[in-house]
Amino acid sequence: MGGAGGRGRGPPEGLAGAGAPVVDRVPGYRAVVTSAPPATRDEARARDDHDPLAAVRSRFAADGAEPVYLDGNSLGRQPLDAPARVAAALEQWRTRLVGGWDEWIERPGQVGDRVGRLLGAAAGQVVISDSTTVNLYKLASAALDARPDRPVIVADPHDFPTVRYVLQGLAERTGRRLRWVGSDPAGGWVPDASAAGPLGDDVALVCLSGVNFRSGAVLDLRAAAAAAHAAGALTLWDLSHAAGCVPVDLDGDGADLAVGCTYKYLNAGPGAPAWLYVREELQSRLRQPIWGWWGQRDQFAMGERYDPVAGIDRFQAGTPPIVGVAAVEAGIQPLLEVGIEALWRKTAALVALLAARVAARLEPLGARIASPGDPARRGGHLAVAHPRAWPAVRLLIEQRRVVADFRPPDVMRLAPVAAYTRYVDVWDAVEHIAEALADPRVQLAVPARRVT
Ligand SMILES: *Cc1c(COP(=O)(O)O)cnc(C)c1O
């Protein structure tokens, strides 16, 4: 991949210096690391010593003595100042009581705008609200109502369960049917503008994830939006595994609607409230299904009839979780300070090192990478398939050596997170995983499921 026609082609700024990875942007939100990853543990350490993001790591609760944490794509680490920011919100509650709402009322939109900076979204299009699942329901439902004569929802059979379930429920309730894109479990789906594929003039909504939760495959959001719009459909992207990890250009790439959680790469903590994005020009044309008072024009007039406010706030429903919004601010602050492009450069280099070490150390033990082979199509984590992935992951957690997770049938997910994972962590984690796969307790364990 040479970045043909890409925006921002060529080595990014600020990357002079020995051993710095060179990343080439190509359309969609892809990148390629073109320099060789560290070839020895010492070289990995040296890369850490020159890491321009080393200061970001010091903002997180990670002292280096604990297990290597490769599960930040499931639950991000705690920023060191998260307790103080949450405590400040509680203190406002204590001292200001209901008067605090003067300030709190604007918080979901203000913090939404800041999340939007990580997503290529101009202000006024992102709000913190509800959970990802609820936001998916609200926005998918709004999109279907806007395309009443179209009977089809296009989705990915390998998408995260909540996406499939919400769409199944909506299809059943609105008398529509799901049509699956022809995605590959490891490789994802590559939109092809020259072929109609799953997209025709019967499609109301195309709802897909930006990065697949299992394989880490990246969707070319620009191409997917172009194909969907050519068919007259609306788009809804679930960016839970993309936000804060891979660069996304929602405004520039023609996204209509998007949702995502804040507790993965955005580090806001378990169950922190989610975000939603609605392109500005669509806001007044769409109606969400939950007619709550927080979406109402002149909310405190408490009028008789629901009359949704103009703007992104009409996609709120009830009172927002202010303490959780404070945790979102804490989670995104270290990321905003360095910017998503710098984070992505390191992510791509970490994943390249991980892929090289998996090939060298784990493939001889029967593992294979179940993520796209092309680095330009991979997000922030790798899926490594092995028939004994489950007992190996369990042993590593018990021994406090590596925290990774397992996804059925046979995949361990390994996510080196740019904000706080070091190159040497990646190196050591793969050594630990190799030892675990060779451990008699793992070798003798019955595979959890058959190998596919
Ligand atoms: C993690 C994740 C979610 C989480 O949804 P919740 O409502 O927060 O449970 C949704 N979609 C995708 C693709 C995810 O990866």
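Keep in mind that the numbers below use all heavy atoms, side chains included, and drop hydrogens, waters and symmetry copies.
Val351 is not listed as a side-chain neighbour of Pro375, based on a closest heavy-atom distance of 4.5 Å or more. Using a 4.5 Å heavy-atom threshold, the side chains of Pro79 and Arg59 count as separate. In this structure, Arg173 and Ser141 have side chains that are in contact, with non-hydrogen atoms separated by less than 4.5 Å. Side-chain atoms of Arg357 and Ile433, non-hydrogen and from C-beta on, never get closer than 4.5 Å to each other. Side-chain contact check for Ile128 versus Pro320: every heavy-atom pair is 4.5 Å or farther apart. Between Val417 and Asn73 the shortest side-chain heavy-atom distance does not fall below 4.5 Å. A heavy-atom distance below 4.5 Å is found between the side chains of Val325 and Pro273. The shortest side-chain heavy-atom distance between Asp313 and Gln299 does not fall under the 4.5 Å cut-off.
Side-chain atoms of Gln283 do not come within 3.5 Å of backbone N or O of Ala310 as any donor-acceptor pair. Without hydrogens or angle criteria, Glu280 side chain to Ile312 main chain gives no donor-acceptor distance under 3.5 Å. Although no hydrogens or angles enter the test, the distance criterion places a donor-acceptor pair under 3.5 Å between the side chain of Arg377 and the main chain of Gly187. Not one N or O on the side chain of His229 forms a donor-acceptor pair closer than 3.5 Å with the backbone of Ala255. Under a 3.5 Å cut-off, the side chain of Asp48 and the backbone N or O of Tyr423 do form a donor-acceptor pair. In this structure, Gln296 contributes its side chain and Met302 its backbone to no donor-acceptor pair below 3.5 Å. Under the 3.5 Å distance criterion, the side-chain polar atoms of His381 are matched with a main-chain donor or acceptor of Phe213. Under the 3.5 Å distance criterion, the side-chain polar atoms of Gln125 are matched with a main-chain donor or acceptor of Ala122. In this structure, Asn135 contributes its side chain and Thr133 its backbone to no donor-acceptor pair below 3.5 Å. Looking at Ser371, its side chain does come within 3.5 Å of a backbone N or O of Ser215 through a donor-acceptor pair.
Minimum heavy-atom separation, Val246 to Gly379: CG1-CA, 4.0 Å. Across Cys207 and Val163, no two heavy atoms sit closer than the pair SG-CG1, 4.0 Å. Contact detail for Val56 and Pro334: the closest heavy-atom pair is CG1-CB, 4.2 Å. Across all non-hydrogen atoms, the minimal contact from Thr347 to Cys245 is CG2-SG, 4.1 Å. Here the closest non-hydrogen pair linking Pro308 and Arg297 is O-NH2, 3.3 Å. The two residues Ala231 and Gly200 have their closest heavy-atom pair at CB-O, 3.5 Å.
By the 30° and 60° cut-offs, the orientation of the rings of Trp293 relative to Phe300 is perpendicular. Aromatic ring pairs are classed by plane angle as parallel below 30°, tilted from 30° to 60° and perpendicular above 60°; the pair Tyr69 and Tyr420 is tilted.
Geometric assessment of Arg77 against the ring of Phe60 yields a negative cation-pi assignment under the 6.0 Å and 45° thresholds.
If you take SG on Cys261 and CG on Asp238, they are separated by 7.5 Å, rounding to the nearest 0.5 Å. The CG atom of Leu354 sits 8.5 Å away from atom CG of Leu350, with the distance rounded to the nearest 0.5 Å. Note that the CG atom of Leu335 and the CG atom of Leu53 stand 10.0 Å from one another [nearest 0.5 Å]. With rounding to the nearest 0.5 Å, the separation of CG in Asp405 from CG in Asp71 is 4.0 Å. Within the model, atoms CG of Leu234 and CG of Asp256 stand 5.0 Å from one another, a figure rounded to the nearest 0.5 Å. How far CZ of Arg114 is from CG of Leu266: 12.5 Å, rounded to the nearest 0.5 Å.
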Subject >> Derivation of the side-chain contact (heavy atoms from CB on, under 4.5 Å) call for Lys264 and His241 >> reply: CA-CA 7 Å; Lys264 292 171 181 165; His241 277 274; 3.7 Å; yes
**OP:** Just do the side-chain contact (heavy atoms from CB on, under 4.5 Å) check on Arg314 and Val278 with the steps written out, would you?
**Re:** CA-CA 10 Å; Arg314 70 165 55 193; Val278 179; over 6 Å; no
**OP:** Could you walk me through whether Asp130 and Ile290 pass side-chain contact (heavy atoms from CB on, under 4.5 Å), step by step?
**Re:** CA-CA 12 Å; Asp130 299 313; Ile290 303 172; 5.8 Å; no
**OP:** Determine, step by step, whether Arg164 and Asp156 satisfy the side-chain contact (heavy atoms from CB on, under 4.5 Å) criterion, reporting the C-alpha distance in whole Å, the side-chain angles of both residues, the deciding distance to 0.1 Å, and the verdict.
**Re:** CA-CA 8 Å; Arg164 292 182 283 110; Asp156 182 346; over 6 Å; no
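Side-chain N/O atoms of Gln333 and Glu337 include a donor and acceptor closer than 3.5 Å. Tyr277 and Asp251 are linked by a side-chain donor-acceptor pair at a separation below 3.5 angstrom, with hydrogens and angles left out of the test.
Checked for salt-bridge contact, Asp51 and Lys346 meet the test: a charged N lies under 4.0 Å from a carboxylate O. Using a cut-off of 4.0 Å between Lys/Arg side-chain N and Asp/Glu carboxylate O, Asp145 and Arg287 are scored as not salt-bridged.
Residue Trp101 qualifies as enclosed at atom CH2: its count of foreign heavy atoms under 6.0 Å is above 12. The 12-atom threshold is exceeded at CD of Gln110, counting heavy atoms of other residues, nucleotides or ligands nearer than 6.0 Å. By the neighbour-count criterion of 12 heavy atoms within 6.0 Å, atom CZ of Arg400 is sparsely surrounded, having that number or fewer from other residues, nucleotides or ligands.
For Trp104 and Trp294, the distance between ring centers is not under 6.0 angstrom.
Remark: of the listed residues Arg147, Arg150, Arg179, Arg179 is the sole one forming a salt bridge (Lys or Arg N to Asp or Glu O under 4.0 Å) with Asp202.
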